[in-house]
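In the text below, chain A, chain B and the rest are named by the order of the sequence lines, each starting its count at 1.
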Amino acid sequence: MTIYRKIHQAVGAAVDEAITSGALTLSTDMPVFVVEPPREAAHGDLATNVAMVLAKPAGKPPRAIADILKPLLAAHADVTGVEIAGPGFINLRLRPEIWLDEAREIIRAGTHYGDSDAGRGVRVNVEYVSANPTGPMHVGHCRGAVVGDVLASLLKKAGYDVCREYYINDAGAQVDVLARSVFLRYREALGENIGEIPQGLYPGDYLVPVGKMIAGQDGAKWSAAAEAEWLPRFRAIAVDAMMALIRADLVALNVHHDVFMSEKSLVDSGKVDAALALLQGKGLIYEGVLEPPKGKLPDDWEARPQTLFRATEFGDDTDRPLKKSDGSWTYFASDIAYHFDKFTRGFPLMVDIWGADHGGYVKRLQAAVAAVTGGQGRLEVRLCQMVNLLKDGQPFKMSKRAGTFVTLRDVVDEVGADVVRFIMLTRKSDAQLDFDLAKALEQTRDNPVFYVQYAHARCCSILRHAAELFTPDELSEAGLAKADLSKIASEDELLVIKNLANWSRIVESAAAAQEPHRVAFYLMETAASFHGLWNKGNDNAALRFIIPADKPLTHARLALIAAVRTVLRSGLGVLGCQPMEELRSDATAAA
RNA sequence: GCGCCCGUAGCUCAACUGGAUAGAGCAUCAGACUACGAAUCUGGCGGUUAGGAGUUCGAAUCUCUUCGGGCGCGCCA
């Protein structure tokens, strides 16, 4: 159990005791309170707001409640001091050994340190990327891919049962366009001069090998055929080929999925019809005419009756069309079916990662999920704002093969997957992000990736040097866990451990808020606290980690270093970044 | 016109979801290497949290409103 949880329980027990003894009477249920590190380290080890949240239910001023709880908390074996401060905070001081035990626990747990059961095994489906299978991934997909991938890892670490999913939009009109584009490349492969790629088709030369492949397999049998004859085959082959490109891009970015769900398979299996029939049965579908959209009116707008979903009954601003004028389902309709399918596969909680340009779509799909699951399923959507790609402050253009856009591969080739991943998380996802490829490779303080990697490499460097004084056994994790940590006495060192002990709280709160960027910020903080400690040794040689004349002290400090390294690894693991053993030119990733 | 997101130090951003004196980096000023990597660190300067009103023990955070920026607004996905 973490220190925070332990003390949280102790505070809860103190309140219960006060209620039992009659000192406190609550008019409502016990409110939620927190135990957290105080803003000022001088205020103690931990602080709780319990007296303030109890003020109303107990009908007493916060400080009076704190006075009642103070002696009860002071009696706890781990508490060495209780102070009441400010409007009614209760500040606690703990035995230093508590923190030293935590350092030992970190080394023992390894990168599993920080694992939490807060998610209680709830099954959650995280859907991300879901780029259309019409070409390689472009830079615009980067952020959502990383945010989704890291959020999934974070939820898993926080105790959720996570499924990572990709939705293949292989049923829409854009796949017909893709097939026609490939057909052109097919004729080209047969020796025909196709000239310029017409407007409206995909011009990228990544389609050239697909056309060649079909020409190689099928010969000229399609060249004079009607579109209706060749279209199905070209669609299928083209989608497969594009998904192969996309999967390779995902591998390059170290992004993983458990399930690739095909929209076409959903349509073919009748699940769209079934889901819509379900809504029909609930009386939520009707034929009607929508008001024209406010603001600028589309030129070809005309009022006409449509098949509509009563989204307004579930909080949307207007009812939404389910069928196109040609009678086929809209994308919205198959999306309803898709999310209903997720729900029936056992995911009461669904998280979708979308680009901000889809923001207007959130309400209607949440309305649909509420309707089709009878309120049992919950959809949450995290929107990712745009990334402005720069190099030395100038907009970055590369587009070596794709025609008009910068591919994800261009970016990964330029700076590496680890850097891309980390930088994508240096802002909360609903804020715009400038990504300067030149700065991302700088080895300076203002490059957060480097800064964190440097801290990890420094830990490794110290442990390498320690091999001159200690046996491999003594430097193993088991050996370091046995170090006499009571040698660690300085406030600076304890502060570093207190920061490490925050890791599991960060995991829980970042997972609850679905904000993976908090992990990146925490790692920067952890790196800063460690770099600070390291430099204390410059001013005062007695604070250096390796003191050859005092092996027990050195061993204890090495254990502290190992704990720092462990938490950095654990955090980098969540981010999907490789921790670096060294950052020299011959740098290699940790095994 | 409507909806969503956003507005915090000169710049780029945090603030553990309502907590204490709003914190970091960059820039700027003043300092620290006979070392385990100074690619780092220590300190100073810098704020009416866009403006106004409200909710309560307490607001950057919640509500309303004004201003400013971004995205979206039938039969694209």
Side-chain angles (χ1 to χ4, degrees), chain A residues 34 36-40 43 47 49 51-53 55-56 61-63 85-89 91 130 132 134 169 171-175 263 289-296 298 300-304 306 308 316-328 330-332 334-335 355-363 383 385-386 426-428 430-434 442-448 450-451 454-455 457-459 461-466 502 505-506 508-510 512-513 515 517-518 521-522 524-525 528 531-539 541 544-546 561 582-584:
Chain A
V34 297
E36 56 187 4
R39 196 192 295 276
E40 295 282 337
H43 289 152
N49 64 348
M52 291 181 284
V53 298
K56 190 168 285 181
R63 293 194 69 112
F89 284 99
N91 292 327
S130 299
N132 285 342
T134 55
N169 297 125
Q174 82 282 359
V175 181
E263 180 187 6
V289 180
L290 283 181
E291 293 291 308
K294 301 281 192 257
K296 57 171 190 267
D300 58 348
W301 192 89
E302 55 176 314
R304 63 171 188 83
Q306 306 182 92
L308 299 170
D316 201 1
D317 309 312
T318 178
D319 290 341
R320 303 293 181 175
L322 295 167
K323 278 187 179 177
K324 304 180 195 172
S325 51
D326 67 2
S328 63
T330 60
Y331 183 80
F332 177 49
S334 61
D335 239 359
D357 53 340
H358 290 60
Y361 201 74
V362 175
K363 270 192 186 174
L383 295 176
Q385 284 287 348
M386 276 181 36
T426 53
R427 297 279 181 281
K428 55 184 171 195
D430 48 16
Q432 288 193 18
L433 166 63
D434 285 340
E442 276 178 15
Q443 301 204 332
T444 63
R445 176 69 179 89
D446 41 336
N447 179 356
F450 165 76
Y451 188 69
Y454 183 33
R458 259 187 167 169
C459 291
S461 168
I462 294 163
L463 291 167
R464 276 196 303 272
H465 279 83
N502 264 331
R505 294 182 66 245
I506 296 293
E508 287 176 9
S509 62
E515 292 186 347
H517 75 279
R518 291 192 197 182
F521 280 92
Y522 170 73
M524 291 188 262
E525 211 178 291
H531 285 310
L533 187 61
W534 196 97
N535 266 74
K536 288 282 193 320
N538 282 331
D539 303 330
R544 291 184 184 175
F545 299 117
I546 296 179
I561 301 300
E582 289 187 78
L583 293 177
R584 299 179 196 276

Determine the interatomic distance between [atom1] on [N] and the same-named atom on [M]; round to the nearest Å.
N     : M     : atom1 : value
B:G47 : B:A9  : P     : 10 Å
B:C67 : B:G51 : C1'   : 7 Å
B:U21 : B:A59 : C1'   : 16 Å
B:C75 : B:G52 : P     : 43 Å
B:A27 : B:G70 : P     : 30 Å
B:C11 : B:C45 : C1'   : 16 Å
B:C6  : B:A14 : C1'   : 15 Å
B:C41 : B:U48 : P     : 29 Å

In this structure, how many angstroms lie between the [atom2] atom of [N] and the [atom1] atom of [X], rounded?
X        : N     : atom1 : atom2 : value
A:Ile561 : B:C36 : CD1   : C1'   : 9 Å
A:Arg518 : B:C13 : CZ    : P     : 18 Å
A:His517 : B:U17 : NE2   : C1'   : 12 Å
A:Lys56  : B:G18 : NZ    : P     : 15 Å
A:Trp534 : B:U42 : CH2   : C1'   : 14 Å
A:Leu322 : B:C75 : CG    : P     : 12 Å
A:Leu290 : B:C75 : CG    : P     : 10 Å
A:Arg505 : B:U17 : CZ    : C1'   : 12 Å

- Message: Would you say A:Arg518 and A:Tyr522 are linked by a side-chain donor-acceptor pair, where the criterion is simply a distance under 3.5 Å?
- Response: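 No.
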- Query: Will you find, in the side chains of A:Glu263 and A:Ser334, an N or O donor that is under 3.5 Å from an N or O acceptor?
  - Reply: yes
Using a heavy-atom cut-off of 4.0 Å across all strands, would you classify [X] as base, sugar-phosphate, or nothing?
X        : result
A:Asp319 : nothing
A:Phe521 : sugar-phosphate
A:Arg320 : nothing
A:Asn49  : base
A:Lys323 : nothing
A:Arg458 : sugar-phosphate
A:Lys536 : nothing
A:Pro448 : nothing
A:Ala457 : nothing

Please report the closest heavy-atom contact between [X] and [Y], naming both atoms and the distance.
X        : Y        : result
A:Pro448 : A:Thr426 : CG-CG2, 3.8 Å
A:Leu308 : A:Leu322 : C-CD1, 4.1 Å
A:Gln306 : A:Pro321 : OE1-CB, 3.6 Å
A:Leu383 : A:Gly359 : CD1-CA, 3.8 Å
A:Arg458 : A:Asn535 : NH1-OD1, 4.0 Å
A:Pro87  : A:Pro62  : O-CB, 3.4 Å

- Query: Between A:His517 and A:Phe521, what is the ring plane arrangement, given parallel below 30°, perpendicular above 60°, and tilted in between?
  - Reply: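 Judged by the thresholds at 30° and 60°, the geometry between A:His517 and A:Phe521 is perpendicular.
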- Task: Anything under 30° is parallel, anything over 60° is perpendicular, the rest tilted; go ahead and classify A:Tyr361 against A:Tyr331.
- Result: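 Geometry flag for A:Tyr331 against A:Tyr361: tilted rings.
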Counting only side-chain heavy atoms from C-beta out, which of [options] sits nearest to [X]?
X        : options             : result
A:Gln174 : B:A77, B:C16, B:C41 : B:A77
A:His531 : B:C4, B:U56, B:C41  : B:C41
A:Lys324 : B:C13, B:U40, B:C75 : B:C75
A:Tyr331 : B:A77, B:A15, B:C16 : B:A77
A:Asn535 : B:A77, B:U17, B:C41 : B:C41
A:Ser509 : B:C36, B:A14, B:C16 : B:C16
A:Ile462 : B:A32, B:G74, B:C36 : B:C36
A:Asp317 : B:C13, B:G3, B:U40  : B:G3
A:Asn132 : B:C57, B:C36, B:A77 : B:A77
A:Pro321 : B:A77, B:G74, B:G19 : B:G74

Pairs: protein N or O with nucleotides 70-72 of chain B N or O, under 3.5 Å:
{"residue": "B:G70", "atom": "O2'", "partner": "A:Gln432", "partner atom": "NE2", "Å": "3.2"}
{"residue": "B:C71", "atom": "O2'", "partner": "A:Ala356", "partner atom": "O", "Å": "3.3"}

Any strand is fair game: report the nucleotide pairing with [N] by Watson-Crick or G-U wobble, both distances under 3.5 Å, or none.
N     : value
B:C2  : B:G72
B:A77 : none
B:C62 : B:G54
B:G7  : B:C67
B:U28 : B:G44
B:A15 : none

- Query: Where the side chain of A:His531 meets the backbone of A:Tyr454, is there a donor-acceptor pair that is under 3.5 Å apart?
  - Reply: no
- Flag if over 12 foreign heavy atoms under 6.0 Å of NZ, A:Lys324: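 Counting neighbours around NZ of A:Lys324, more than 12 heavy atoms of other residues, nucleotides or ligands fall under 6.0 Å, so yes.
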- Message: I want to verify the glycosidic state of B:C36; is it syn or anti under the 90° rule?
- Response: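 Syn, since the glycosidic angle lies within 90° of 0.
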- Message: Does B:C13 have OP1 or OP2 under 4.0 Å away from a side-chain N or O of A:Arg427?
- Response: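 True: A:Arg427 side-chain N/O within range (under 4.0 Å) of B:C13 OP1/OP2.
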- Would you state whether a donor and an acceptor, one from the side chain of A:Arg544 and one from the base of B:C36, lie under 3.5 Å apart? no
- Any N/O donor-acceptor pair, A:Ser325 side-chain to B:C75 base, under 3.5 Å: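 Yes.
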- Task: Name the residue closer to the 5' end of RNA chain B, choosing between A:Phe332 and A:Phe89 according to the nucleotide with the nearest heavy atom.
- Result: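 Final value for this comparison: A:Phe89.
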